[in-house]
Amino acid sequence: MQITLSQKERLLLEDQKSHEQLCIEKYTNYEKAASDNQLKQICNANAQVEREHLNSINQLLSGNVPDMNQNQKQNQNQNQNQMQNANNTQTSGINLSDKDICTDLLMTEKYVSGAYDTTIFEFRDTGARDVLNHIQKEEQKHGEAIFKYMESKGMYNVQ
Ligand SMILES: [Fe+2]
Ligand SMILES: [Fe+2]
């Protein structure tokens with residue numbers, strides 16, 4: 001479905017686009033920087049979903065409301081190719097502990113989820129809202145994966 005974006009909708013989407021780009025960069029770099037394999041896997045899995053998000057935001061920016069089901073299938077194929085091309089032996093040049101990496105990722109996901117909330121409330125089109133809501137839910141899932149990892153490693157003290 002085609003929509004025409006208001007100026008505000010476009011500006012908010014541009015912000016979300018830069019957030020998604022940074023999330024891809026963070027997860028890709030942190031996958032290399034992390035010491036623990038389980039954390040590397042979480043970073044890899046989340047980076048793939050962030051690529052899907054960027055794809056959906058780009059579609060919205062071009063006035064298309066993506067069909068989420070169809071989108072996921074296309075992205076799975078794309079991501080498999082990207083995984084095959086990824087060079088995981090490279091070092092990141094980042095010197096952070098796994099706990100610091102997790103804390104930064106958790107802060108990032110929290111912020112991005114909040115920014116989606118603000119964006120959703122400004123949208124006129126229900127289909128576009130649904131797409132943004134779907135993405136926001138996945139950001140919360142990313143946060144949950146990191147939270148649960150931290151909790152299991154004693155990095156997060158639940159009070
Ligand atoms: Fe995302
Ligand atoms: Fe995320």
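Everything numeric in this text was worked out from a predicted model, so none of it was measured. In listed order, ligands and their atoms are each counted from 1.
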Among Q21, E139, H19, K26, find the one that has a side-chain contact (heavy atoms from CB on, under 4.5 Å) with E50. E139

Is the backbone of A115 close enough, under 3.5 Å, to the side chain of T119 for a donor and an acceptor to pair up by distance?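 Yes.
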
Quick one: does N64's side chain have a donor or acceptor within less than 3.5 Å of a partner on P66's backbone? no

Just give me the atom name: the N, O or S atom of H142 closest to the Fe ion (ligand 2).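 Among the N, O or S atoms of H142, the one closest to the Fe ion (ligand 2) is ND1.
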
Q48 side chain to N44 side chain, donor-acceptor N/O pair below 3.5 angstrom: yes

Test log, rule side-chain hydrogen bond (donor to acceptor under 3.5 Å, both in side chains), inputs N133 and Y116: CA-CA 8 Å; N133 182 262; Y116 271 109; over 6 Å; no

Strictly under 2.8 Å, is the Fe ion (ligand 2) approached by any N, O or S atom of H53?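 Short answer: no, not a single N, O or S atom is under the cut-off.
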
Taking both backbone and side-chain atoms into account, decide whether E50 has an N/O/S atom under 2.8 Å from the Fe ion (ligand 2).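 So E50 does bind the Fe ion (ligand 2) by this criterion.
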
Of all N/O/S atoms in E20, which lies nearest to the Fe ion (ligand 1)?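 Atom name returned: OE1.
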
Specify which N/O/S atom of E139 comes nearest to the Fe ion (ligand 1), by atom name. OE2

